[in-house]
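Computed from a prediction, not measured in an experiment: that's the story for all the values here.
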Amino acid sequence: MVDAIISTVVEDLTSMMLSTIKEEVKLVTGVNDEVKKLVRNFKNIQDLLDDAEEQQLKEASVKNWLLDLKTVSYDMDDVIDEWKTWIQTSQRQLQPPPSDRISTLKHKVFSIFRCNCFTLRDVGLRHVIGRRIKEIHQTLDDIAAGKDLLQLHSTNRSDKQVERHVTTSFVETQKVKGRDVEKDQVKSMILETKSNPHIISLVGLGGIGKTTLAKLIYNDSEIENHFEKKIWVCVSEPFDEMRIAKAILESLRGPSIAHDFKELDNVLREIRKDLNEKTFLLVLDDVWNENPSKWEELKQSLACGLLGSTILVTTRNKRVAIVMGCNPDSIHEVELLTPDDCWSIISQITLVQGDGQRLESIGKKIAEKCKGLPLVANIVGGFLRFKKTEKEWLRVLEKKEWEGSDVLDPLKLSYYDLPLSLKQCFKYCAIFPKDSMIYESRLIELWMAQGYLRGKEENEDLEIIGGTYFSNLISRSLFQNVIGGTILHDMVSDLAQTFAKDECLMIEVSNGTEFSENSLSSNANARHLTLVIEKDASFPEFIYDLNKLRSLMIQFLGYGSSLAVDAVKNIFDRLTCLRTLNLSDCGIKEVPSSINRLVHLRWLDLSRNENLEKLPKTLCECYNLQTLNLIYCPIELPQEIGKLINLMFLDIRYCRKINYLPKGFGNLLHLKELRDFIVGVYENKTSCIVEMEKLNNLRKDLVIKGLGNVRNIEEARKAQLMKKKNITGLKLVFDGDHVQEDEEELLETLEPPSDLETLRIEEYGGKMLFPSWVMKLNLLRALRIANCRNCKELPPLGKLSSLEKLYLRNMGVKRVGVEFLGIEKEKKTATSFLSFPKLKTLWFEEFSEWKEWDDIDGWLMESFNNTITVMPCLKSLSIMYCPKLKTLPYCLLSPTITPQLQMLEIVDCDALQPIQTDKLSHIPYLYLPKLPEAEQEEEIEDGEEEKEEERGIFF
């Protein structure tokens with residue numbers, strides 16, 4: 001929708017006219033008058049847009065008029081961006097060099113000299129910008145004149161407000177209706193199978209609920225107990241064997257485990273190891289592939305399971321089911337819902353109760369128009385929830401979109417109902433491949449890079465606005481929450497593509513793909529492009545001519561493909577309007593120095609380019625850059641990185657060559673998220689932790705590594721962690737091989753804000769591990785202490801009133817006394833005592849010297865009038881690899897003291913005395929592999945050993 005970009009242009013032009021830095025805004029004579037006329041012209045055209053948007057569906061001339069208007073609006077936005085960048089650069093040029101020896105007089109002389117030099121050097125740029133503004137104004141005049149010929153009419157326009165909604169109603173929409181019979185039918189097909197592997201397909205229209213039915217089956221308790229392994233993979237388009245194989249392996253072994261495997265054969269070999277001689281259920285969701293050769297190799301690797309193993313496929317196309325090897329009698333065609341079921345979905349979203357009988361009668365008529373598709377019912381309910389009157393519901397019922405033959409037509413209602421500010425954000429999602437995982441923080445960064453998030457106040461936090469937009473799209477069921485993130489249903493993706501087809505492109509390139517001369521002309525107006533390149537396919541050169549692109553997202557399928565240096569250079573040289581560039585995992589070996597030509601660039605992802613050797617210093621001339629992702633890049637940061645004064649998000653995790661942050665890093669005052677802060681030492685023996693002093697906008701999780709490199713306490717004090725009020729998580733990693741004499745004082749100095757929620761301390765070399773500031777952390781929910789071998793005693797952590805998770809690993813502790821619970825024997829009183837009041841999970845691991853764990857003895861109980869309460873909320877207790885531990889305290893195994901304990905796990909504690917089984921009868925899930933066989937049989941019913949062990953491990 002062109003309205004969003006026009007609103008941005010008008011807002012920016014108005015702001016710049018009112019700017020207080022008059023000398024910097026001023027261009028050439030007469031241009032300011034042109035700007036005023038431009039604003040008036042744009043505002044007048046805005047009033048015509050509602051009428052034009054409706055007429056373009058049937059009038060090609062109106063559609064072309066809107067396209068011309070969109071083009072000139074984007075051109076104006078680019079000019080404004082260059083103008084603002086020039087102003088910002090000029091202000092930096094006027095700043096004196098950082099030297100305390102410059103006198104006030106010298107400072108003035110320097111400023112005059114720099115200002116005059118800059119004015120002489122850039123007067124040409126002033127004229128260029130001024131000329132482009134005049135040209136754009138002339139074009140806009142011609143477009144405005146065309147409105148009379150098209151007979152467009154003005155309308156009263158008002159944008160609906162975007163509100164953040166709680167997620168409880170979203171959870172309620174997941175209650176599934178009308179699938180009980182089908183669920184039982186497919187379950188019977190699975191449980192009665194005799195082949196290996198048995199392939200079953202759920203086939204049906206998009207939005208009919210194939211994935212939902214598959215999830216009901218996948219999570220069924222009977223299915224859970226029937227299979228040793230369960231795996232869920234979302235396939236979608238394109239069918240990438242390597243990605244699917246890695247997803248299967250990660251499901252079996254845990255996230256990111258497959259990162260080290262580079263060849264498909266190796267991944268398939270590991271899958272066979274894990275599934276060999278086991279029964280498994282593999283769900284392949286949303287399969288489109290009709291090429292049997294792509295499936296065959298993966299299928300062969302899955303033939304290693306036991307008889308009864310099943311592959312459940314969901315697809316829209318019955319031919320796909322046959323290609324996958326599914327027999328006709330193993331194809332289940334998913335049925336449409338009844339109107340009553342559709343109304344049940346709508347009503348639980350809109351919360352229509354008995355007092356809304358008139359709305360209910362209208363709603364049931366709307367439900368009849370949902371064509372039996374639960375996705376349509378969900379989305380219709382999502383926008384009806386914002387309408388509270390009978391008149392509004394009737395208006396929805398009477399919409400002409402219900403009468404269309406295209407299944408997407410009813411979904412268009414949800415798009416038309418979006419507030420103006422949300423429409424462009426939703427359309428931008430068309431750049432994502434179908435069913436791809438969408439992460440809220442990443443999407444908000446992309447929205448920011450494109451300028452879609454606009455605050456009413458000057459310093460309003462755009463991320464909060466983005467979060468409001470994101471939750472609003474979820475509440476309307478346009479986004480769907482899943483474990484690990486959010487997805488865009490493939491039909492909703494089609495909906496976004498319908499409205500963004502002139503702007504957002506998805507091009508798939510395979511080996512031998514040919515592009516005609518029409519490729520450029522038909523896509524000349526594209527602003528956002530996702531390019532999916534199969535292995536060994538050539539990079540399409542016509543992309544370089546799409547010089548209006550604002551987003552370019554490149555994705556290679558398979559391992560071993562790479563983007564040549566010349567291709568990258570051509571992107572930098574010719575696609576100079578880019579604001580978003582994703583070159584992640586593209587095999588890049590070099591970033592050309594011409595990257596500074598991307599003056600509009602806001603978002604750059606270079607992650608997972610493991611052959612990338614260095615970054616050019618010209619990267620630091622991309623002054624507008626907001627997000628820089630360098631995960632898994634073996635590079636150092638450019639020394640000039642402090643010039644990126646607009647940088648807000650920087651990710652340098654697993655960049656093995658970064659062992660310090662360059663001087664001037666502390667100039668990145670807008671930095672909000674940093675992963676991680678690496679403490680190194682400069683040549684003058686000062687550690688770079690001092691660069692943290694002014695980075696007070698840091699938020700969320702902050703990881704500080706290499707604290708063993710801090711030269712003195714004063715340096716640590718300059719970090720001023722206390723002033724980082726927005727961080728909620730802190731991880732402090734010391735140098736375990738370099739124990740400083742003042743390491744305990746160093747830890748004391750690194751005091752964080754008191755509302756910290758998570759804390760991790762690792763590789764600490766001091767003996768005392770309880771700085772005074774810990775007791776101020778009243779909101780601390782999770783604490784992890786690991787590899788602190790010099791710590792011989794545990795601090796009184798039981799006093800932490802909000803602590804829910806406690807993980808302790810590899811410490812030199814020999815005895816855990818009641819002091820750990822927060823009880824001080826020498827200060828006994830007659831009052832009651834509550835230890836670890838909210839603790840739910842407690843984990844001890846690798847305590848190689850630990851021998852004793854004190855119980856609460858009788859006299860201590862008497863001193864507190866028998867009112868000592870220990871871990872009343874504890875649900876999970878794990879003790880692993882503690883070979884010298886002899887006994888467990890009764891207070892942790894008593895059903896009266898820890899009544900909520902659900903899981904007890906004890907592994908490789910060889911010295912532990914036998915535990916009386918009657919003390920464990922109240923604990924549902926046990927994993928005690930070292931218990932004598934007779935006691936194990938008493939504790940767990942016959943035939944249930946493996947099931948209970950499995951549940952114990954993964955609880």
Side-chain angles (χ1 to χ4, degrees), residues 50 53-54 155-180 205 207-209 212 335-423 426 468 471-481 489 491-492 495:
D50 283 340
E53 286 282 343
E54 185 173 346
T155 56
N156 293 324
R157 321 184 77 243
S158 60
D159 188 20
K160 299 183 284 291
Q161 295 298 309
V162 180
E163 302 175 3
R164 178 180 285 273
H165 293 268
V166 295
T167 58
T168 52
S169 60
F170 172 74
V171 173
E172 289 178 351
T173 67
Q174 302 310 296
K175 296 178 181 177
V176 182
K177 302 294 181 181
R179 296 300 183 200
D180 292 340
L205 296 171
I208 201 171
T212 301
E335 299 176 358
L336 296 170
L337 294 184
T338 66
D340 286 343
D341 288 331
C342 287
W343 168 240
S344 295
I345 294 173
I346 293 172
S347 62
Q348 67 186 15
I349 299 173
T350 56
L351 303 179
V352 172
Q353 303 296 332
D355 57 353
Q357 290 182 357
R358 287 185 297 182
L359 291 182
E360 181 175 346
S361 64
I362 300 170
K364 287 185 176 180
K365 294 178 181 178
I366 293 175
E368 292 176 3
K369 296 178 177 290
C370 290
K371 301 179 181 179
L373 299 176
L375 176 68
V376 175
N378 265 299
I379 292 177
V380 168
F383 69 83
L384 281 176
R385 67 179 298 189
F386 294 90
K387 304 183 183 307
K388 305 301 181 184
T389 68
E390 182 181 357
K391 183 178 181 180
E392 289 176 307
W393 280 49
L394 279 172
R395 193 177 296 128
V396 172
L397 177 62
E398 294 166 358
K399 289 288 185 179
K400 64 179 181 299
E401 282 76 13
W402 293 116
E403 309 306 323
S405 58
D406 190 341
V407 73
L408 288 179
D409 287 340
L411 300 185
K412 292 176 183 177
L413 291 170
S414 62
Y415 173 79
Y416 294 138
D417 192 65
L418 288 174
L420 170 63
S421 48
L422 264 182
K423 285 181 177 176
F426 172 70
T468 300
S471 67
N472 195 284
L473 291 171
I474 286 179
S475 69
R476 294 170 180 268
S477 299
L478 292 171
F479 288 171
Q480 298 179 5
N481 273 337
H489 188 281
M491 281 185 63
V492 179
L495 178 68

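- In this structure, L337 and R179 have side chains that are in contact, with non-hydrogen atoms separated by less than 4.5 Å.
- By the 4.5 Å heavy-atom criterion applied to side chains, S477 and V492 are not counted as neighbours.
- A 4.5 Å side-chain heavy-atom check between I346 and W343 finds at least one atom pair inside the cut-off.
- Distance CD1/I362 to CD/E398: 9.0 Å, rounded to 0.5 Å.
- At distances below 3.5 Å, at least one donor-acceptor pair connects side-chain atoms of W393 with backbone N or O atoms of K387.
- Between G207 and P374 the shortest heavy-atom distance is O-CD, 3.2 Å.
- Heavy atoms only, all atoms of each residue included: L408 and M491 are closest at CD2-O, 3.5 Å.
- Using a 4.0 Å cut-off between charged side-chain N and carboxylate O, D409 and K400 make no salt bridge.
- The shortest non-hydrogen separation linking T350 to G381 is CG2-O, 3.5 Å.
- Going from atom CG of L384 over to atom OG of S347 covers 11.0 Å, rounded to the nearest 0.5 Å.
- Interatomic distance, CD of E368 versus CG of L397, reported as 9.5 Å (0.5 Å rounding).
- Below 30°, between 30° and 60°, or above 60°: for F426 and Y415 the angle between ring planes is between 30° and 60°, a tilted geometry.
- Using a 4.5 Å heavy-atom threshold, the side chains of L359 and T389 count as separate.
- The two residues P339 and A367 make their nearest non-hydrogen contact at O-CB, 3.6 Å.
- Within the 4.5 Å cutoff, the side chain of L422 has heavy atoms near those of the L473 side chain.
- Of the inter-residue distances, the one linking L478 atom CG with H489 atom NE2 reads 12.0 Å to the nearest 0.5 angstrom.
- The shortest distance between side-chain heavy atoms of P410 and K369 does not fall below 4.5 Å.
- D341 and T338 form a side-chain donor-acceptor contact under 3.5 Å, judged by distance and modelled atom types alone.
- The pair K364-E360 counts as a salt bridge, with a side-chain nitrogen and a carboxylate oxygen less than 4.0 angstrom apart.
- Contact of the S471 side chain with the F479 side chain is not registered, since no non-hydrogen atoms from C-beta on lie closer than 4.5 Å.
- How far CD1 of I345 is from CG of L373: 10.0 Å, rounded to the nearest 0.5 Å.
- Side-chain atoms of R476 and N378, non-hydrogen and from C-beta on, never get closer than 4.5 Å to each other.
- If you take NZ on K371 and CH2 on W402, they are separated by 8.5 Å, rounding to the nearest 0.5 Å.
- Considering all non-hydrogen atoms of both residues, C342 and G372 come closest at SG-CA, 3.9 Å.
- Under the 4.0 Å criterion applied to side-chain N and carboxylate O atoms, K412 and E401 are not assigned as salt-bridge partners.
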